[in-house]
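Notes follow once the structure below has been shown.
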Amino acid sequence: MALYSEKVMDHFRKPRNVGVIPDADGVGQVGNAKCGDIMKMYLKIDDGIISDVKFETFGCGSAIASSSMATELIKGKSVSEALSLTNKAVAEALDGLPDYKLHCSVLAEQAVRAALEDYETRRREQSR
Ligand code: FES
């Protein structure tokens, strides 16, 4: 059996939503100290809906595929739906990851959460 699923390879070779949103409403950056990979997520949110999402990942193929899949899973979703995104859902949508690569999907979950937290913080500050 191949180490990586077709979907992992597809999202690694043709990652969706790569880039930067200069006027993002929320930005989150996370890293894994062990492997050194870094993921940055940008969100545009209109009326509580994620209207656009982009990412930059400096890391392994599984991290790139995981961030790409995570952006697809949250685009068009509400903030609360995006908050409930789990690494398990990302890995399942990719038709699985090898055990020792599961932390790459954890990074995607954390990056989405960090960007949503940044969005919430900005909103709180604006309403003061
Ligand atoms: Fe660490 Fe993939 S090896 S994120």
Side-chain angles (χ1 to χ4, degrees):
M1 204 187 97
L3 188 54
Y4 293 109
S5 72
E6 279 297 315
K7 271 200 190 155
V8 172
M9 293 312 293
D10 181 44
H11 279 263
F12 166 57
R13 291 195 183 109
K14 292 177 280 159
R16 282 48 150 194
N17 306 309
V18 175
V20 173
I21 301 177
D23 60 339
D25 299 307
V27 180
Q29 181 172 315
V30 293
N32 181 300
K34 269 195 184 157
C35 64
D37 289 3
I38 295 172
M39 215 177 263
K40 195 165 183 180
M41 202 62 75
Y42 302 82
L43 301 176
K44 194 82 201 149
I45 299 174
D46 294 304
D47 291 331
I49 301 292
I50 298 170
S51 55
D52 199 10
V53 47
K54 295 253 187 280
F55 79 91
E56 293 176 304
T57 290
F58 306 95
C60 73
S62 299
I64 292 167
S66 294
S67 22
S68 169
M69 181 55 87
T71 61
E72 293 240 294
L73 289 173
I74 63 166
K75 204 170 190 177
K77 297 277 167 60
S78 69
V79 168
S80 57
E81 282 173 310
L83 269 172
S84 61
L85 179 77
T86 60
N87 83 293
K88 196 165 172 270
V90 173
E92 275 175 12
L94 287 168
D95 291 337
L97 283 169
D99 281 354
Y100 68 99
K101 285 287 181 183
L102 276 174
H103 78 272
C104 314
S105 61
V106 172
L107 214 51
E109 175 190 321
Q110 291 172 337
V112 168
R113 195 147 302 162
L116 288 166
E117 279 166 12
D118 180 49
Y119 164 70
E120 296 290 356
T121 305
R122 291 186 198 196
R123 260 183 20 138
R124 273 196 302 274
E125 280 167 5
Q126 273 169 13
S127 63
R128 268 195 204 150

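Ligands are counted one by one from 1 in listed order, and the atoms in each one are counted from 1 as well. On a predicted model such as this, the values are computed, not experimentally measured, just so you know.
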Practice task
Measure across I45 and L116 and return the closest heavy-atom pair with its distance rounded to 0.1 Å.
Solution key: CD1-CD2, 4.3 Å
Practice task
Kindly give the heavy-atom pair with the smallest separation between V90 and S66, and that separation in Å.
Solution key: CG1-O, 3.6 Å
Problem - Every N, O or S from the protein that is nearer than 2.8 Å to atom 2 (Fe) of ligand 1 - result: C60 SG, C104 SG
Practice task
State whether the side chain of D95 and the backbone N or O of K7 hold a donor-acceptor pair below 3.5 Å, judged by distance alone.
Solution key: no
Handout entry: Passing candidate, side chain to side chain contact (heavy atoms under 4.5 Å, CB included) with L94, options M9, E6, M69
Key = M69
Handout entry: N87 versus S105, side-chain donor and acceptor atoms under 3.5 Å
Key = yes
Completion exercise
Closest non-hydrogen contact found for C104 with M39 is O-CE, 3.9 Å
